[in-house]
Trainee: 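Here's a structure for you.
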There are 2 protein chains.
Amino acid sequence: MIEVTAIDAVLRTLADPTRRAIFERVVNSDEITVVELTRGSGVTQGAISQHLKSLKQAGLVAERPEGRNVYYRAEPEGLAPLADWMSHYAVFWRERFANLKTLLKEIDP
Amino acid sequence: MIEVTAIDAVLRTLADPTRRAIFERVVNSDEITVVELTRGSGVTQGAISQHLKSLKQAGLVAERPEGRNVYYRAEPEGLAPLADWMSHYAVFWRERFANLKTLLKEIDP
DNA sequence: AAGATACATTAGTAAATGCTAATTGATTAG
DNA sequence: CTAATCAATTAGCATTTACTAATGTATCTT
């Protein structure tokens, strides 16, 4: 049995461009179904479902079945491992300090 | 010819655990050679060189040849695409606001 | 000069990955 | 009830990936 850490799962999941695009569409929607995600994605419905499974396992999305539709939404905590990992490189953020400051002001003025 | 964006290169490069471990060792060193990185890595020297090539192409490390040694160091700007990408998900950071605040205080007290 | 050391590169391979096409299970519509 | 729709799953595939072993190319040592 191979141990897979959270940061590992998140990075591996976001590394694929198609899957990342799906995640971004989910983020930009309040909720979105598989058919909607399939439309204009360039891949088949089956592929979309496979990617959603990966995203779900990585904790990046959650689902809400309703009738024959399944609504997907982004899961905020999913990005936490990535945020934590990046925080170890605080020194790298120094140069982007202004951006961060602006960001924080937007969040909590 | 396939267009590969910066965020794509960074995520793909960091997704592999072995390569990420190498990057972390480079970050935690001021400068480090290939033999040192090979030692205790569990893979051959050739594999290390291959991973370093990927990291270099992603802009995550830089090299300084000196004699027959090549010293590698972390490249701060390399993580910028990832930071920028994450900043689009500002709302996700809300819950981690305290951590961020602490981080910023450390950077600029 | 000859051997040793550091690193990069190459060819070959086993495994993982992302995809399609087809099938299945479930719910809704006519 | 039957047909259609939504989504998940499966098998098969072509491609990519990470690795080793071997070789190549400098540079240093003696």
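Everything quoted here is computed from the prediction, not taken from an experiment.
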Trainee: Evaluate the side-chain proximity of A:V70 to A:L52: yes if any heavy-atom separation is below 4.5 Å, no if none is.
Mentor: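 Counting from C-beta outward, A:L52 and A:V70 never come under 4.5 Å.
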Trainee: What is the distance, rounded to the nearest whole Å, between atom CG of B:L52 and atom P of D:dC19?
Mentor: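 Taking atom P of D:dC19 as the reference, CG of B:L52 is at 12 Å.
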Trainee: Between A:T38 and A:T44, which heavy-atom pair has the shortest distance, and what is it?
Mentor: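 Residues A:T38 and A:T44, closest heavy atoms: CG2-C, 4.1 Å.
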Trainee: With A:E36, which residues qualify under salt bridge (Lys or Arg N to Asp or Glu O under 4.0 Å), at least two apart?
Mentor: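 Residues passing salt bridge (Lys or Arg N to Asp or Glu O under 4.0 Å) with A:E36: none at all.
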Trainee: Rounded to the nearest angstrom, tell me the gap between atom CZ in A:R64 and atom C1' in D:dA7.
Mentor: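 Interatomic distance, CZ of A:R64 to C1' of D:dA7: 15 Å.
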Trainee: How would you summarise protein contacts on nucleotides 19-30 of chain C per nucleotide, using B for base, S for sugar-phosphate only and - for none, with heavy-atom distances below 4.0 Å?
Mentor: BB------BB--
Trainee: Rounded to whole Å, please give me the gap between CD1 in A:I48 and P in D:dT9.
Mentor: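 Taking CD1 of A:I48 and P of D:dT9, I get 15 Å after rounding.
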Trainee: Can you list the residues that meet the salt bridge (Lys or Arg N to Asp or Glu O under 4.0 Å) rule with B:R39, with sequence neighbours excluded?
Mentor: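 For B:R39 there are no salt bridge (Lys or Arg N to Asp or Glu O under 4.0 Å) partners, ignoring immediate neighbours.
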Trainee: According to ring pair (Phe, Tyr, Trp, His ring centres under 6.0 Å), does anything in residues 60-86 of chain B pair up with another residue at least two apart or in another chain? List the pairs.
Mentor: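 Non-adjacent pairs meeting ring pair (Phe, Tyr, Trp, His ring centres under 6.0 Å): B:W85-B:Y89.
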Trainee: Suppose the criterion is salt bridge (Lys or Arg N to Asp or Glu O under 4.0 Å): which pairs have a residue in residues 45-61 of chain B, not counting sequence neighbours?
Mentor: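 For residues 45-61 of chain B: B:K56-B:E63.
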Trainee: Please list, chain by chain and in numerical order, all residues satisfying side-chain contact (heavy atoms from CB on, under 4.5 Å) with A:R68, sequence neighbours excluded.
Mentor: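 Not a single residue meets the side-chain contact (heavy atoms from CB on, under 4.5 Å) criterion with A:R68.
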Trainee: Among the candidates C:dA6, C:dT9, D:dT9, find the nucleotide nearest to the side-chain atoms of B:N69.
Mentor: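 Comparing C:dA6, C:dT9, D:dT9 against the side chain of B:N69, the answer is C:dA6.
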Trainee: How long is the line joining OH of B:Y71 and P of C:dA8, in whole Å?
Mentor: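 These atoms are roughly 13 Å apart.
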Trainee: For residues 7-23 of chain A, pull every pair meeting salt bridge (Lys or Arg N to Asp or Glu O under 4.0 Å), keeping only residues two or more places apart or in separate chains.
Mentor: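 Every pair satisfying salt bridge (Lys or Arg N to Asp or Glu O under 4.0 Å) with a residue in residues 7-23 of chain A: A:D8-B:R20, A:R20-B:D8.
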Trainee: Using OP1 and OP2 only, check whether a side-chain N or O of B:Y72 sits under 4.0 Å from C:dA6.
Mentor: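 The answer is no; no side-chain N or O of B:Y72 sits under 4.0 Å from OP1 or OP2.
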Trainee: Let's see if you get this right: which residues in residues 7-14 of chain A place a heavy atom under 4.0 Å from DNA chain D?
Mentor: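 Residues of residues 7-14 of chain A that come under 4.0 Å of DNA chain D do not exist, since none gets that close.
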Trainee: Would you mind reading off the distance between A:E63 atom CD and D:dT9 atom P, rounded to a whole angstrom?
Mentor: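 Between P of D:dT9 and CD of A:E63: 9 Å.
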Trainee: Go through the structure and list residues passing side chain to side chain donor-acceptor pair (under 3.5 Å) with B:S49, not counting sequence neighbours.
Mentor: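 B:Q45.
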Trainee: Going by number, which of residues 28-38 of chain A have a non-hydrogen atom under 4.0 Å from DNA chain D?
Mentor: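 A:T33, A:V34, A:V35, in order of number.
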Trainee: Going by the rule salt bridge (Lys or Arg N to Asp or Glu O under 4.0 Å), which residues pair with B:E24 if we only count those two or more places apart in sequence or in a different chain?
Mentor: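 Not a single residue meets the salt bridge (Lys or Arg N to Asp or Glu O under 4.0 Å) criterion with B:E24.
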Trainee: The criterion is side-chain contact (heavy atoms from CB on, under 4.5 Å); which residues satisfy it with B:V26, sequence neighbours excluded?
Mentor: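 In terms of side-chain contact (heavy atoms from CB on, under 4.5 Å), with neighbours along the sequence ignored, B:V26 is linked to B:I22, B:I32, B:L37, B:V61, B:A74.
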